[in-house]
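From a predicted model like this one, the values you see are computed outputs, not experimental measurements. What you see below is based on every heavy atom in this structure, not just the backbone, and it leaves out hydrogens, waters and symmetry mates.
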Amino acid sequence: MKKIEFYRHNIGEEDIRKAGEVLRSLFLTTGPVTSEFEEKFSCFTELRETVALNSCTAALHLSLLALGIGPGDEVITAPMTFAATVTSILHAGAVPVLVDVEPGTGLIDAALIEKAITPRTKAVVPVHLYGVMADMKAIRRIADRHGLAIVEDCAHCIEGERDGVRPGHLGDAACFSFYATKNLTSGEGGAVGTRDPELAGKVRIFRLHGLTSDAITRHSGKFRQYDMEVLGWKYNMDSIHSALLVGQIDRLSGYWERREAIARKYEKELGGVPGIRVPEVKGKSARHLQTVWVDAKVRDRVVEKLEEKGIGVSVSYRALHTLKYFRETFGYRPEDFPVALEIGLRTLTLPLYPKLTDEEAEYVIASLKEIVAGCQ
Ligand SMILES: *Cc1c(COP(=O)(O)O)cnc(C)c1O
């Protein structure tokens, strides 16, 4: 039986060649190839600045710090996300305040945000779940009314658009991930995209210990003394990872088209099937994850049986407030966020990537239908 992997990346020979050139050169850490990546990525996102980092978690953390968020501040986000969205708020020293999600999309419910705002609230972190953008126009209006910053978790969404708005175009900072299973990957990696050069400047200082001068500047031959003005972190992206990413940017749109075609097939074939629900798409989805929702009582069994059939699946995500650490630290009860709870119990994610063939997608669809019918 042929295994259908959950994900297969798109790093090709030309990307490996470019990384090889870096390895054969003198300069391995953050340098000209990183700048090349940053400039190209800014062109794609149409954001003025990109600061390349070693993860999206780092991007979220440093964006919050650069916006002046710290101890005593509250940051609003949703429990239907990956743990890093909330751990980065904690790393910044702030208190995460969760609001529930919409039942049709799993996105933060903008109508619930205002009720969660207190005098200590400083920012909102919307997550563009599965690749569908949160309602940024509504969230921007709320943020403006209350003087809040917006840090977008764009780990799933480079290519999306909604109501004419793209990732980072209404937020203060957009945080991208180049983790192993993301649409654009170098194994590990991340970036902050922003329209604000001042914010980008702060993130640049924070990403390298708080030093005012980096290795490439010190290496440039023109001696310049460095200083350390603030306490920073070690979150910079090196040239090897940068080299793997540069060429993939040119191929992003083609890859998106292929995922869009597969996702439409999934939606068409699985949409009306009893016992299966496909989340709603609003605007242009980046088509990062193809999630379906099944009955909570059978979800784990369906996942097991798909794996038995050689299909790689994952759960994106168990509701954060039900995970031990968050439960014990914040005293959350399952019913505090009923919609996220329900989605977390019903959700499973199918393979979705450009290398997935039509035949493989059809096998996934037929297998899921058969398993769910057998579980009814
Ligand atoms: C992957 C992911 C992250 C973290 O990305 P890293 O680059 O691994 O730090 C954050 N948020 C969401 C929603 C993710 O899926």
task: Establish, yes or no, whether the cationic atom of Arg166 lies under 6.0 Å from the six-membered ring centre of Phe44 and within 45° of the ring axis.
output: yes
query: Could you go step by step and tell me if Tyr353 and Tyr255 meet the ring-ring contact (aromatic ring centres under 6.0 Å, His included) rule?
result: CA-CA 8 Å; Tyr353 46 86; Tyr255 290 146; over 10 Å; no
field: Check ion pair Glu370-Lys309 (N to O, under 4.0 angstrom)
entry: yes
message: Using every non-hydrogen atom in the two residues, find where Leu350 and Leu306 come nearest and quote the distance to one decimal.
response: CD2-CD1, 4.2 Å
- prompt: What closest approach, in Å, do Ala66 and Val203 show between heavy atoms, and which atom pair accounts for it?
  reply: CB-CG2, 3.9 Å
message: If only side-chain N and O atoms count, and only distance matters, is there a donor-acceptor pair under 3.5 Å linking His169 with Glu161?
response: no
- prompt: Just by modelled atom types, is the Gly344 backbone N or O under 3.5 Å from a matching donor or acceptor in the Thr347 side chain?
  reply: no
message: Is there a ring-ring contact (aromatic ring centres under 6.0 Å, His included) between His209 and Trp233? Walk through the geometry before answering.
response: CA-CA 5 Å; His209 310 292; Trp233 280 259; over 10 Å; no
query: If you measure from CD1 on Ile158 to OG on Ser177, what distance do you get to the nearest 0.5 Å?
result: 8.5 Å
message: Taking NZ in Lys305 as the centre, count heavy atoms belonging to other residues, nucleotides or ligands within less than 6.0 Å. Is the count above 12?
response: no
- prompt: Does the gap between the ring centers of Phe41 and Phe176 come in under 6.0 Å?
  reply: yes
- line: In short, Phe27 meets Pro32 closest at the heavy-atom pair CD2-CD, 4.4 Å
- request: Please say whether more than 12 non-hydrogen atoms of neighbouring residues, nucleotides or ligands are located less than 6.0 Å from CD in Glu335.
  value: yes
field: Under-4.0 Å salt bridge between Lys3 and Glu360
entry: no
task: Indicate whether any N or O donor in one side chain lies under 3.5 Å from an N or O acceptor in the other, for Thr85 and Asp153.
output: yes
message: Could you check whether any side-chain N or O of Asp144 sits under 3.5 Å from a backbone N or O of Arg141, counting only pairs where one atom can act as donor and the other as acceptor?
response: no
message: Any heavy-atom pair between the side chains of Glu257 and Ile262 that's under 4.5 Å?
response: no
message: Measuring from atom CD1 of Ile240 to atom CD of Glu21, what distance do you get when rounded to the nearest 0.5 angstrom?
response: 13.5 Å
message: Can you confirm whether the side chains of Glu159 and Ser253 place a donor and an acceptor under 3.5 Å from each other?
response: no
message: Walk me through whether Asp15 and Lys18 qualify under salt bridge (charged side-chain N to carboxylate O under 4.0 Å, His left out).
response: CA-CA 5 Å; Asp15 309 314; Lys18 192 162 172 83; over 6 Å; no
Pair Asp135 + Arg140, salt bridge at N-O below 4.0 Å: no
- prompt: Checking Thr77 side chain against Val125 main chain: does a donor-acceptor pair fall under 3.5 Å?
  reply: yes
- prompt: Is there a side-chain contact (heavy atoms from CB on, under 4.5 Å) between Gln248 and Ile11 once you walk through the steps?
  reply: CA-CA 7 Å; Gln248 289 183 68; Ile11 293 172; 3.6 Å; yes
query: Within the side chain of Arg258, is there an N or O that forms a donor-acceptor pair under 3.5 Å with the backbone of Leu356?
result: yes
message: Is it the case that atom NZ in Lys234 sees more than 12 heavy atoms from other parts of the structure closer than 6.0 Å?
response: yes
message: Taking NZ in Lys268 as the centre, count heavy atoms belonging to other residues, nucleotides or ligands within less than 6.0 Å. Is the count above 12?
response: no
- prompt: Between the main-chain N or O of Ala173 and the side-chain N or O of Ser63, is there a donor-acceptor pair closer than 3.5 Å?
  reply: no
- prompt: With a 6.0 Å cut-off on ring centres, are His61 and Tyr235 close enough?
  reply: yes
- line: Value for SG (Cys56) from CD (Glu188), rounded to nearest 0.5 Å, stands at 11.5 Å
query: What pair of heavy atoms forms the shortest contact from Ala123 to Ile69, and how long is it?
result: CB-CD1, 3.5 Å
query: Judged by atom type as modelled, is there a donor-acceptor pair below 3.5 Å linking the side chain of Arg207 to the main-chain atoms of Val51?
result: no
- prompt: Does some side-chain heavy atom of Ser239 sit less than 4.5 Å from a side-chain heavy atom of Thr29?
  reply: no
field: Donor-acceptor under 3.5 Å (Thr329 side chain, Tyr325 main chain)
entry: yes
- prompt: Are Val97 and Val75 connected in the hydrophobic side-chain network, where two residues link if heavy atoms are under 4.5 Å apart?
  reply: no
field: Glu13 bridged to Arg17 by N-O distance under 4.0 Å
entry: no
task: Taking Glu152 for its side chain and Gly168 for its backbone only, find out whether a donor-acceptor pair lies under 3.5 Å.
output: yes
- prompt: Heavy atoms, side chains only, cut-off 4.5 Å: are Ile142 and Val124 in contact?
  reply: no
query: When you check the gap from the basic side-chain N to the acidic O, do Glu260 and Lys284 get nearer than 4.0 Å?
result: no
Distance (rounded to the nearest 0.5 Å) between Arg287 CZ and Trp256 CH2: 7.5 Å
- prompt: Using a distance-only test with no angle check, is there a side-chain donor-acceptor pair under 3.5 angstrom linking Glu102 and Thr105?
  reply: yes
- request: Could you tell me whether the side chain of Lys182 and the main chain of His156 form a donor-acceptor pair under 3.5 Å?
  value: no
query: Is it true that Arg301 and Glu308 have a side-chain N and a carboxylate O under 4.0 angstrom from each other?
result: no
field: Presence of salt bridge, Arg299 and Asp295, under 4.0 angstrom
entry: no
query: Is there a path of hydrophobic side-chain contacts, each under 4.5 Å between heavy atoms of I, L, V, M, F, W or Y residues, that connects Leu65 with Leu199?
result: yes
- line: Taking every heavy atom of Glu38 against every heavy atom of Ala52, the minimum-distance pair comes out as OE2-N, 2.7 Å
- request: State, yes or no, whether a side-chain contact exists between Glu229 and Thr212 at a heavy-atom distance under 4.5 Å.
  value: yes
task: List the steps and the verdict of side-chain contact (heavy atoms from CB on, under 4.5 Å) for Leu323 and Leu320.
output: CA-CA 5 Å; Leu323 303 182; Leu320 269 192; 3.7 Å; yes
message: If only side-chain N and O atoms count, and only distance matters, is there a donor-acceptor pair under 3.5 Å linking Ser88 with Thr57?
response: no
query: At their closest point, which heavy atom of Thr194 faces which heavy atom of Ala200, and how far apart are they?
result: CG2-CB, 3.8 Å
NZ/NE/NH1/NH2 to OD/OE distance under 4.0 Å, Glu362 and Lys369: no
query: Would you call Glu342 and Arg277 a salt bridge, taking side-chain N to carboxylate O under 4.0 Å as the test?
result: no
field: Side chain His321, main chain Pro334, donor-acceptor under 3.5 Å
entry: yes
task: Among Leu352, Val132, Asn183, Thr349, find the one that has a side-chain contact (heavy atoms from CB on, under 4.5 Å) with His288.
output: Asn183
message: Ring centroids only, cut at 6.0 angstrom: are Phe82 and Tyr179 within range, meaning strictly under it?
response: no
- line: Output for pair (Thr185 OG1, Leu245 CG), nearest 0.5 Å, gives 7.5 Å
field: Close side-chain approach of Phe326 and Pro96, heavy atoms under 4.5 Å
entry: no
- prompt: If you round to the nearest 0.5 Å, how far is OG of Ser186 from CG of Asp238?
  reply: 8.5 Å
task: Kindly indicate whether the side chain of Met237, heavy atoms from C-beta on, has any atom under 4.5 Å from the side chain of Phe178.
output: yes
